[in-house]
*Asks:* 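Provided herewith is a single structure, encoded as structure tokens, for subsequent inquiry.
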Amino acid sequence: MIVKMNKITLLGMDYQREELTKTLMELGVVEVSEVITDDYSEIIENPDVQAEISRIDAELSNIDSSLECLGKYSPVKKPLFKNRRDVLVSEFKNVIKNSDKVWNSVKEVLKNEEHLVGLKSEENRLNNLLMSLFPWKDLNAPLEYTGTQKTVFQYGTMPSIIDWDSIQSELSEKFPNAYIERVNMDKDQHYLYLIVHKEIEQECLSYLQSHGYNRVTFSGLTGTVAVNIERINKRVREISEERENTVERIKDISADRNAIEILYDWLLMEKGRLEATERIIKTKKVFLVTGWVPERYALEVKKILEEKYIVSVEVEEPAEDEEFPILLENRGIAEAGEPVMQMYSLPHSREIDPNTVMAPFFIIFFGLMFSDGGYGLILSLLSGIILWRFELEDSMRKFMKLMFYCGISTMFWGLMFGGWFGISALVRYAVWFDMVSEPEKMLSWALLFGVIHIYTGFALKAANLIRDRKYLDALFDVGFVYVFYTGAVFCLLPYIPAVNPDKVVSLVNIGKYMLIIGGVLLVLTQGRDKKNIFSKLMGGLSSLYDVVGFLSDVLSYSRLLALGLATGIIASIINEISFMFDFPIVLKIILAVAILIVGHTVNFGINALGAYVHSCRLQYLEFFGKFYTGGGQAFSPLKINTKYTKLKSDAEQEIMPVQTA
């Protein structure tokens with residue numbers, strides 16, 4: 001059900017604006033809307049809060065980084081279904097009152113994290129340096145040594161493909177006053193040093209460079225390679241110790257994690273309030289707020305605000321053609337269907353909420369496609385235990401509720417078809433029939449379910465038209481369509497699997513008349529919006545082609561058979577495989593148990609996902625396509641939106657709780 005909304009307008013004194021918006025946030029039932037000010041732009045303005053919002057965004061980012069750091073170095077065990085923790089209002093206010101202390105903790109975490117980043121960077125640099133020095137480890141010469149007054153001393157490398165003996169002998173022949181020695185080699189390079197007289201330095205280097213010689217320098221390093229390696233290893237050990245000490249300091253700060261989370265939520269609330277303030281208009285003395293409030297809260301909100309502030313509050317119903325934000329309020333099965341609908345789109349404010357009708361179809365089709373009663377039992381037990389043992393957020397609670405009902409539906413169809421963990425011996429106890437041995441019969445029923453589902457969609461279309469007082473449109477666009485499509489269905493009955501053509505002759509004859517009458521009625525009415533007779537006639541004739549789309553939609557429901565068969569057949573194959581190995585009895589039992597657990601788990605997961613996806617598809621395309629407008633905007637009141645905490649009054653009282661769509 002779509003909750004009725006009232007339009008609310010507040011006119012108050014500007015000096016009370018901030019306090020009033022805080023009160024609206026505490027009430028949590030008023031959505032603040034944008035006010036168009038084109039005609040009064042010279043005297044009216046929006047409060048300038050962008051700088052404040054930017055500051056809060058930066059602070060939220062810092063706190064988020066600090067919490068991420070705490071989670072990395074001092075993780076806490078999270079519940080299976082992450083839930084906001086309850087915090088008393090008094091505790092919340094006390095943390096905000098002492099926010100300076102909390103900010104110091106945040107800054108200390110960020111400072112230590114920055115230090116860790118610096119240590120990691122230095123460690124990486126030292127490790128890279130260590131790797132570059134390793135090939136030179138046997139060199140005893142100081143790394144800073146560059147030669148004497150008359151000689152040049154260089155370190156360098158040459159490609160390993162160069163024959164070292166030949167290059168050494170050639171150098172001795174061409175440059176008697178030069179000496180080259182190899183320190184080390186690997187698969188890529190020769191590592192060497194060169195001593196050459198300064199008078200022939202350039203000629204010697206040119207020769208070596210023609211053979212791939214590259215000079216190596218060790219900037220900033222002094223002493224031998226061994227000394228530098230020891231120096232680096234010592235610093236790496238110091239870094240490791242320093243890192244441990246820094247991590248310990250971060251762990252000590254983790255005691256303030258809860259307070260940091262409260263500070264984050266407070267800033268999040270302030271940001272929300274400021275964003276709502278942007279939509280308020282004001283002059284030098286007064287301000288104006290327009291928005292929406294659920295009808296049942298409207299008078300109470302008006303009373304609270306007028307008693308507390310100097311403000312005029314006007315509440316009125318929306319105009320007939322005026323759209324309002326969508327807040328859904330359902331119970332039972334209808335509430336469980338909300339997650340499915342919201343993935344598609346919220347309903348338009350002027351149409352019927354389809355959840356009451358859509359949810360039962362979704363649950364029935366899910367059960368048909370999942371089909372195995374044993375799997376349904378597991379699904380219901382898991383979702384039921386989660387609903388019972390865990391305090392869930394509203395969206396997760398609705399989803400688990402949906403899965404609980406889907407599990408019950410699966411058990412029902414498992415009972416009908418005799419499917420229990422793919423055990424073939426239990427098929428004979430099927431209440432209805434065995435889907436695997438009689439697939440044609442199941443296909444016929446699947447197509448019938450499709451016709452019923454689609455016809456229900458048309459019925460909702462008629463209900464929406466009647467609600468808008470378009471009675472003739474309901475008759476022309478739904479009533480006549482029913483006649484034409486039903487005639488087509490009756491005419492095609494002999495071609496449906498498992499249908500005896502001789503027993504449906506009378507229905508086929510009726511169908512022919514319905515098809516002709518319905519076709520004539522559609523031709524005469526479906527082009528009624530066109531301007532001239534020819535356009536009206538063509539519009540009516542083209543509408544007859546829609547029956548092809550209708551029949552195509554009906555065929556889509558054959559997936560009810562396909563997925564139902566897949567679940568049962570795969571389950572039975574897993575059972576057969578588990579006992580087909582000729583091993584000693586103990587090993588055979590162990591292997592069978594392992595195959596059964598893994599196989600049925602995979603089959604459960606894949607086919608549960610398949611049933612969910614294809615059930616959604618049948619709702620979104622075949623069902624919603626017949627009537628659903630959608631496009632509604634969710635009701636988004638100015639309220640206390642938090643990420644980590646859930647505020648609870650010290651007196652265990654709640655203020656007008658509203659669950660947004």
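In this chain, numbering begins with 1 at the start of the sequence shown. Fair warning: this is a prediction, and the values are worked out from it, not measured in the lab.
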*Asks:* Mind running side chain to side chain contact (heavy atoms under 4.5 Å, CB included) on L116 and Y73 for me, showing each step along the way?
*Replies:* CA-CA 11 Å; L116 286 174; Y73 296 106; 3.6 Å; yes
*Asks:* Is the side chain of S345 donor-acceptor paired with the backbone N or O of G631 at a distance under 3.5 Å, no angle test?
*Replies:*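 Between the backbone of G631 and the side chain of S345 there is a qualifying donor-acceptor contact (under 3.5 Å).
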*Asks:* What's the spacing between S371 OG and L563 CG if we round to 0.5 Å?
*Replies:* 8.5 Å
*Asks:* Determine whether L368 and W413 make a side-chain contact, defined as any pair of heavy atoms from C-beta on separated by less than 4.5 Å.
*Replies:*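 Side-chain contact under 4.5 Å: yes.
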*Asks:* Looking at side-chain heavy atoms only, is the closest gap between F421 and I574 below 4.5 Å?
*Replies:* no
*Asks:* Measuring from atom CD1 of I378 to atom NE2 of H600, what distance do you get when rounded to the nearest 0.5 angstrom?
*Replies:*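 Here the interatomic distance stands at 9.0 Å.
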*Asks:* Which pair of non-hydrogen atoms, one from L638 and one from G272, has the smallest distance, and what is that distance?
*Replies:* CD1-O, 3.7 Å
*Asks:* For Y405 and F366, I'd like to know if the aromatic rings sit close, meaning centre-to-centre distance below 6.0 Å.
*Replies:* no
*Asks:* Within the distance-only criterion (no hydrogens, no angle test), does the side chain of S121 pair as donor or acceptor with the backbone N or O of V117 below 3.5 angstrom?
*Replies:*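 Absent.
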*Asks:* Report the relative orientation of the aromatic rings in F627 and F623; use parallel for angles under 30°, tilted for 30 to 60°, perpendicular for over 60°.
*Replies:*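 If you compare the ring of F627 with that of F623, the planes turn out perpendicular.
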*Asks:* Considering residues, nucleotides and ligands other than K646, do more than 12 of their heavy atoms fall under 6.0 Å from its NZ?
*Replies:* yes
*Asks:* Measure the spacing between CG of L377 and CD1 of I408 and express it to the nearest 0.5 Å.
*Replies:*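 Between atom CG of L377 and atom CD1 of I408 there are 10.5 Å.
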*Asks:* Please report the closest heavy-atom contact between L267 and E59, naming both atoms and the distance.
*Replies:* CD2-OE1, 3.5 Å
*Asks:* Any side-chain to backbone donor/acceptor pair from T410 onto C406? Under 3.5 Å, distance only.
*Replies:*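 Side chain of T410 to backbone of C406: a pair is present.
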*Asks:* Take L447 and L560 through the test side chain to side chain contact (heavy atoms under 4.5 Å, CB included) and record every step on the way to the result.
*Replies:* CA-CA 9 Å; L447 298 179; L560 297 176; over 6 Å; no
*Asks:* Is the shortest side-chain N to carboxylate O distance from R350 to E323 below 4.0 Å?
*Replies:*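 Looking at E323 together with R350, the answer is no, because their closest N to O distance does not fall below 4.0 Å.
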*Asks:* Under a 4.5 Å cut-off applied to non-hydrogen side-chain atoms, are F412 and F417 in contact?
*Replies:* no
*Asks:* Mind checking the CD-CD1 spacing from E248 to I253? Nearest 0.5 Å is all I need.
*Replies:* 11.5 Å
*Asks:* Treating S572 as the side-chain partner and I569 as the backbone partner, does any N or O pair qualify as donor plus acceptor under 3.5 Å?
*Replies:* yes
*Asks:* Using the ring of each side chain (for Trp, its six-membered ring), is Y344 parallel, tilted or perpendicular to F624, with breaks at 30° and 60°?
*Replies:*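 Ring orientation of Y344 relative to F624: tilted.
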*Asks:* Please answer whether the main-chain N or O of P347 pairs with a side-chain N or O of D353 as donor and acceptor at a distance below 3.5 Å.
*Replies:* no
*Asks:* E351 and T629: which non-hydrogen atoms are nearest, and at how many Å?
*Replies:* OE1-N, 3.2 Å
*Asks:* Inspect the surroundings of CD in E68 and state if more than 12 heavy atoms from other residues, nucleotides or ligands are less than 6.0 Å away.
*Replies:*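 Open.
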*Asks:* Looking at S74 and L70, would you say the former's side chain and the latter's main chain have a donor-acceptor pair under 3.5 Å?
*Replies:* no
*Asks:* Using every non-hydrogen atom in the two residues, find where D546 and Y485 come nearest and quote the distance to one decimal.
*Replies:*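 Answer, listing the atom of D546 first, then Y485: CB-OH, 3.2 Å.
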*Asks:* Using modelled atom types only, decide if a donor and an acceptor are shared between the side chain of S558 and the backbone of L555 within a distance under 3.5 Å.
*Replies:* yes
*Asks:* Is R389 reaching over with its side chain to a backbone N or O of I386, donor-acceptor style, under 3.5 angstrom?
*Replies:* no
*Asks:* If you define the side chain from C-beta out and look only at heavy atoms, does anything of S349 sit under 4.5 Å from I326?
*Replies:*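 S349 vs I326: side chains touch.
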*Asks:* Report yes or no: do T246 and R249 form a side-chain donor-acceptor pair below 3.5 Å?
*Replies:*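 R249 and T246 do have a side-chain donor-acceptor pair below 3.5 Å.
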*Asks:* What's the spacing between W388 CH2 and S383 OG if we round to 0.5 Å?
*Replies:* 14.0 Å
*Asks:* Can a donor-acceptor pair be found between the side chains of Y628 and H348 at a distance below 3.5 Å?
*Replies:*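 Y628 vs H348: no donor-acceptor pair found between side chains.
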*Asks:* Does S556 reach the side chain of L621, with side-chain heavy atoms less than 4.5 Å apart?
*Replies:*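 Of all side-chain heavy-atom pairs linking L621 with S556, none is under 4.5 Å.
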*Asks:* Classify the angle between the aromatic ring planes of Y644 and Y264 as parallel (below 30°), tilted (30 to 60°) or perpendicular (above 60°).
*Replies:* perpendicular
*Asks:* Any idea how F324 and W292 line up, ring-wise: parallel (<30°), tilted (30 to 60°), or perpendicular (>60°)?
*Replies:* tilted
*Asks:* Test side chain to side chain contact (heavy atoms under 4.5 Å, CB included) on I577 and I573 and set out the steps.
*Replies:* CA-CA 6 Å; I577 292 175; I573 291 173; 3.7 Å; yes
*Asks:* Out of curiosity, L448 CG to H453 NE2, how far, rounded to the nearest 0.5 Å?
*Replies:* 13.0 Å
*Asks:* Walk me through whether E335 and E329 qualify under side chain to side chain contact (heavy atoms under 4.5 Å, CB included).
*Replies:* CA-CA 7 Å; E335 182 189 46; E329 189 176 72; over 6 Å; no
*Asks:* Give a yes or no on whether the ring-centroid distance for H614 and F365 is below 6.0 angstrom.
*Replies:*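 No.
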*Asks:* So that I can tick it off, tell me whether R397 and E391 are bridged by a salt bridge, with the cut-off set at under 4.0 angstrom between side-chain N and carboxylate O.
*Replies:*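 Result for this pair is no, no salt bridge flagged.
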*Asks:* Using a cut-off of 6.0 Å, state whether more than 12 heavy atoms not belonging to K441 lie near its atom NZ.
*Replies:* yes
*Asks:* Check whether any side-chain N or O of D434 sits under 3.5 Å from a backbone N or O of P439 as a donor-acceptor pair, and report yes or no.
*Replies:*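 Checked: no pair found.
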*Asks:* Applying the side-chain contact (heavy atoms from CB on, under 4.5 Å) test to L609, which of V613, N607, I606 qualifies?
*Replies:* V613
*Asks:* Pairing donors with acceptors under 3.5 angstrom, does anything connect the side chains of D265 and T645?
*Replies:* yes
*Asks:* Is atom CE of M343 surrounded by more than 12 heavy atoms (other residues, nucleotides or ligands) closer than 6.0 Å?
*Replies:*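 Yes, enclosed.
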*Asks:* Looking only at heavy atoms, what is the nearest atom pair of K271 and I56, with distance?
*Replies:*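 Nearest heavy atoms, K271 then I56: CB-CG2, 3.9 Å.
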*Asks:* Less than 4.0 angstrom from a charged side-chain N to a carboxylate O is my criterion; do E123 and R243 meet it?
*Replies:*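 Yes, charged N to carboxylate O under 4.0 Å.
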*Asks:* Check for a donor-acceptor pair, side chain of N603 on one end and backbone N or O of G599 on the other, with a separation under 3.5 Å.
*Replies:* no
*Asks:* Taking all heavy atoms of L268 and all of N641, pick out the closest pair and write down the distance.
*Replies:* CD2-O, 3.7 Å
*Asks:* I'd like to know if E261 pairs up with R85 as an ion pair, taking the criterion as any Lys NZ or Arg NE/NH1/NH2 lying under 4.0 Å from an Asp or Glu carboxylate oxygen.
*Replies:*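 Between R85 and E261 there is a salt bridge, with a charged N closer than 4.0 Å to a carboxylate O.
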*Asks:* Taking it one step at a time, do E31 and S636 satisfy side-chain hydrogen bond (donor to acceptor under 3.5 Å, both in side chains)?
*Replies:* CA-CA 6 Å; E31 177 180 312; S636 181; 5.3 Å; no
*Asks:* Take atom CD of E275 as the centre, draw a 6.0 Å sphere, and report whether it contains more than 12 heavy atoms from other residues, nucleotides or ligands.
*Replies:*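 Yes - once you tally the heavy atoms of other residues, nucleotides and ligands closer than 6.0 Å, there are more than 12.
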*Asks:* Taking the basic N atoms (NZ, or NE/NH1/NH2) and the acidic carboxylate oxygens, is any pair closer than 4.0 Å for D553 and K626?
*Replies:*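 Between K626 and D553 there is a salt bridge, with a charged N closer than 4.0 Å to a carboxylate O.
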*Asks:* Report yes if the side chains of M435 and W445 come closer than 4.5 Å at any heavy-atom pair, otherwise no.
*Replies:* no
*Asks:* If you define the side chain from C-beta out and look only at heavy atoms, does anything of L67 sit under 4.5 Å from R257?
*Replies:* yes
*Asks:* Between Y557 and F449 (judged by ring centroids, cut-off 6.0 Å), do the two rings come close enough to count as a pair?
*Replies:* no
*Asks:* Do T356 and M1 come within less than 4.5 Å of each other through their side chains, counting heavy atoms only?
*Replies:*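 Answer no - side chains too far apart.
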*Asks:* Classify the ring geometry between Y455 and Y482 as parallel (under 30°), tilted (30 to 60°) or perpendicular (over 60°).
*Replies:*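 Ring orientation of Y455 relative to Y482: tilted.
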